Amino acid sequence: MDVARPEFLPDPDRSHDEMEALQREIADVAVFSDDHGFDAATLGFEETPRDATGDPDAGSQQKTLRDADAPVVVGVDQAFVGDERSVSAAVAIQDGVVVERAAGSAPLEIPYIPGLLAFREGDAIVDALESLSVDADVVVLDGSGRIHFRQAGIATHVGVLFDVPAVGVAKNLLCGTPRESLDDPLSEGARVAVEADDGVDAPDGTVIGYAYQSRQYPNPQRRHVNPLITSPGHRVSAETTVEVVEATCAGYKLPAPTRLADEYADELKQSGG
DNA sequence: GCGACAG
DNA sequence: ATCTTGTCGC
């Protein structure tokens, strides 16, 4: 993949204020509506059969034929080697089959600062995506997109940088107000809109993403799973974002692209930086 | 000043 | 994110 807007590269040498200013520019050109060519219903991830305990049942048949016209979904995830270098893994999947994997890495130059994640992990991600040869129909990133103080989380930043449809999947809420409390367990498949509030650069009440319960245990009263926090990155609506996440989770808590990128990132981490 | 905060 | 074994629940 190629960077489309080099002026938006996440340069960690910029000042704190410059980083925030860049994020506002990115949010200005970001598209939070559907502007892509895929149909979330044709992503090709099969629902995982469950056994009696509700755990994924292994041993089901493997797919051998892949639809070459199906959309390509790319999952991206990072891991750290020591604490001065990050590795990024990108895994491309088409019709449920891994078609390419790419690695990237970069030095860690700034600490983790809520709201500025892209400037810490962005360089490694760019390195990985630039060495990916297939074209992605949509990229799935770890973290927020529009659910961000300046509507420019890491999924939005990367999406706009490459001008590729992108979605953000986070395990925790960064900002915004859920329409319903997320403190009590939600049932599987439930979705709760997250609205902009005073902490977000968007009109109050704007739906900037959804909490989505991808998986839940049979008896959430005793043991429960937390919902995922999904938000559009670029060229995808909040509603389509949830559809992409729902289709790719296929019975697991995390989307398959994320899980596979996670595993690959661990491999890269083990074999040095 | 206080509180809140993705990975 | 990362450091890590056992343990609870279905």
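Values in this document were obtained by computation on a predicted structure and should not be read as measured data. Below, chains carry the letters A, B, ... as their sequence lines are ordered, and counting in each starts from 1.
For the pair R259(A) and D77(A), the salt-bridge criterion is not met [side-chain N within less than 4.0 Å of a carboxylate O]. Between E267(A) and R101(A) there is a salt bridge, since at least one side-chain N of the basic residue sits less than 4.0 Å from a carboxylate O of the acidic one. Under a 4.0 Å N-O distance rule, the pair D35(A)/R235(A) qualifies as a salt bridge. A salt bridge links R191(A) to E246(A): at least one charged side-chain nitrogen sits closer than 4.0 Å to a carboxylate oxygen. The pair E195(A)-R179(A) counts as a salt bridge, with a side-chain nitrogen and a carboxylate oxygen less than 4.0 angstrom apart.
Between N219(A) and D266(A), the one whose closest nucleotide on DNA chain C sits nearer the 5' end is D266(A).
The main-chain N or O of V134(A) is found under 3.5 Å from a side-chain atom of E100(A) such that the two form a donor-acceptor pair.
Across all strands shown, R223(A) has heavy atoms under 4.0 Å from base atoms, whether or not it also approaches the sugar-phosphate.
Stem analysis of DNA chain B (Watson-Crick or G-U pairs, both distances under 3.5 Å, runs of at least three) returns none.
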Can you pull every protein N or O that's under 3.5 Å from an N or O on nucleotides 3-5 of chain C?
none

Item to complete: For nucleotides 2-7 of chain B, just jot down a letter per nucleotide in 5' to 3' order: B, S or -, based on protein non-hydrogen atoms under 4.0 Å.
Response: ---BBB

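Considering L174(A), L116(A), D201(A) as possible partners of F149(A), the one that fulfils the side-chain contact (heavy atoms from CB on, under 4.5 Å) test is L174(A).
Seen from the ring of F80(A), R120(A) counts as a face-on cation partner, given the 6.0 Å and 45° thresholds.
Between R85(A) atom CZ and dA1(C) atom C1' there is a gap of 17 Å when expressed in whole angstrom units. Following rounding to the nearest Å, E84(A) (CD) and dA1(C) (C1') show an atom-to-atom distance of 16 Å.
Residue D135(A) qualifies as open at atom CG: its count of foreign heavy atoms under 6.0 Å is 12 or below.
Minimum interatomic distance between V160(A) and V29(A) (heavy atoms only, all atoms of both residues): CG1-CG2, 3.6 Å.
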